[in-house]
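For reference, the structure discussed in these notes is given below.
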Amino acid sequence: MYRKIKAIITECLLFTSPTLISKILYKTVFNKELDLKNPITLNEKVMWLKLNTYYKNDLVTKCADKYKVREYIEESGNSELLNDLISSWGSVEEIDWDSLPQKFVMKCNHGAGYNIICRDKSRFNVEEAKITLSKWMKEDYWKFRAETNYKYIPKKIICEKFLETSDGELPEDYKIYCFNGKATCVMVCTGREKGYPKFYYFNKNWELLPFSTDALNVPADFKLEKPDGFEKMFEYAEKLAKPFPFVRVDFYLIEGEVIFGELTFTPGAALDKGRLESTDRILGDSLNLSANL
C-alpha cells in the first residue's frame with residue numbers, strides 16, 4: 001500500500017511540479033540541495049535549462065526525438081550526416097520482420113538506451129525483440145528522471161542501417177559538448193565492445209584534458225590517434241548546436257565520414273555522478289546562462 005501511495009504522489013508531482021521532483025532526485029543523487037537561483041556546475045545549469053528554457057520547447061522536443069530530429073538535420077542543410085533510415089512504425093505489430101536486412105539497428109525515439117542491435121538476422125531472436133520493444137513503447141521515459149524534453153514526443157520505433165568499420169567493429173562514438181553555440185571539447189569512449197570502456201576528453205586541438213579518472217591515470221606513453229574527419233565533426237557540431245544554450249552533439253566517424261548520432265540536451269538527466277566534480281565545475285563555467293536567466 002505504501003508503494004502504491006508513493007507512486008501516485010510521484011505521478012502527480014511529475015505533472016504538477018517537475019521542479020520539486022528534480023530537487024528530490026538531485027538531493028538523492030548528490031546529497032545536497034539543488035541551487036536553481038545560482039547554478040554553477042554543468043549538472044545544475046542543465047537542470048535549470050531543463051526546467052525553464054527547454055520545458056515545452058517545440059524545437060528541443062523535435063530534436064530530442066530520434067525520428068523527428070532527422071527533419072532538423074535536413075532543414076539545417078546537413079542531410080549528408082544522416083544514417084540511412086530503413087523504416088519506422090507506430091507499434092510493434094506494424095513491423096515486417098522479413099523485409100529487414102541482415103544487419104540493422106532498432107530504436108525507440110522517445111528516450112535513451114532504447115536500442116536493439118542485430119548483427120545477423122539468421123540468429124536474431126525476433127520474439128525477444130518484440131517483447132522488449134513492446135515494453136519500451138509502454139514506458140513514458142521522461143517520468144523516470146523528470147526529463148521533460150522527452151515528454152511530448154509521439155512514440156515510434158525506427159530502424160536504421162547497421163554502422164560498422166572496415167574490420168567489422170562498431171564505430172567509436174564522439175560526444176561533443178557545445179556551449180552557447182560553440183563546440184569546446186569531445187568525450188570519446190574506447191573499449192566499449194571489449195567490456196572495458198574508458199572515457200577521455202579532448203579539446204579542439206586533440207589535446208587530452210584532465211577531465212576523467214581514465215585521463216588522470218594514463219601511462220606516460222599514452223597516445224590515441226586523432227581520427228580522420230575530426231575537424232569536420234566539430235564544424236558540424238557548431239552548426240547543429242547554434243539555436244541552443246547547451247547541447248551535446250553525438251557523432252560516429254567511419255573512415256573520415258561524419259555520421260550523426262543524436263542531440264542530447266540532458267546528459268545523465270543532469271544527475272551525472274560519474275563526472276568528476278572538477279570537470280562538472282569547469283564545464284559549468286563554459287555555459288553562460290545570462291541571456292536565459
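- A cation-pi arrangement is not found for Lys204 relative to Phe234, the charged atom failing to lie both closer than 6.0 Å to the ring centre and inside a 45° cone about the ring normal.
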Between Thr41 and Asn43, does the side chain to side chain donor-acceptor pair (under 3.5 Å) criterion hold? Intermediate values first, please.
CA-CA 5 Å; Thr41 67; Asn43 276 315; 5.2 Å; no
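- Using cut-offs of 30° and 60° for the angle between ring planes, the Phe104 and Phe124 rings count as perpendicular.
- Between Phe230 and Phe202, the gap from one ring centroid to the other reaches at least 6.0 Å.
- Side-chain atoms of Arg281 and Ile40, non-hydrogen and from C-beta on, do get closer than 4.5 Å to each other.
- When ring centroids are compared, Tyr200 and Phe222 come within the 6.0 Å threshold.
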Stepwise side-chain contact (heavy atoms from CB on, under 4.5 Å) check, Glu257 with Glu80:
CA-CA 10 Å; Glu257 180 184 2; Glu80 68 275 10; over 6 Å; no
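- Counting all heavy atoms, side chain and backbone alike, Pro267 lies closest to Asp272 at O-CB, 4.4 Å.
- Side-chain contact between Glu44 and Met47 is absent, with no heavy atoms from C-beta onward closer than 4.5 Å.
- Under the salt bridge (charged side-chain N to carboxylate O under 4.0 Å, His left out) criterion, Glu164 pairs with Lys103, sequence neighbours left out.
- A donor and an acceptor atom, one from each side chain of Ser22 and Lys50, are located under 3.5 Å apart.
- The shortest side-chain heavy-atom distance between Cys108 and Met137 falls under the 4.5 Å cut-off.
- Contacts classified as side-chain hydrogen bond (donor to acceptor under 3.5 Å, both in side chains) and involving residues 210-222 (residues at least two apart or in different chains) are not found.
- Aromatic ring orientation, Tyr55 versus Tyr152: tilted (interplanar angle from 30° to 60°).
- Taking the six-membered ring where tryptophan is involved, the planes of Phe246 and Tyr177 are tilted, since the angle between them lies from 30° to 60°.
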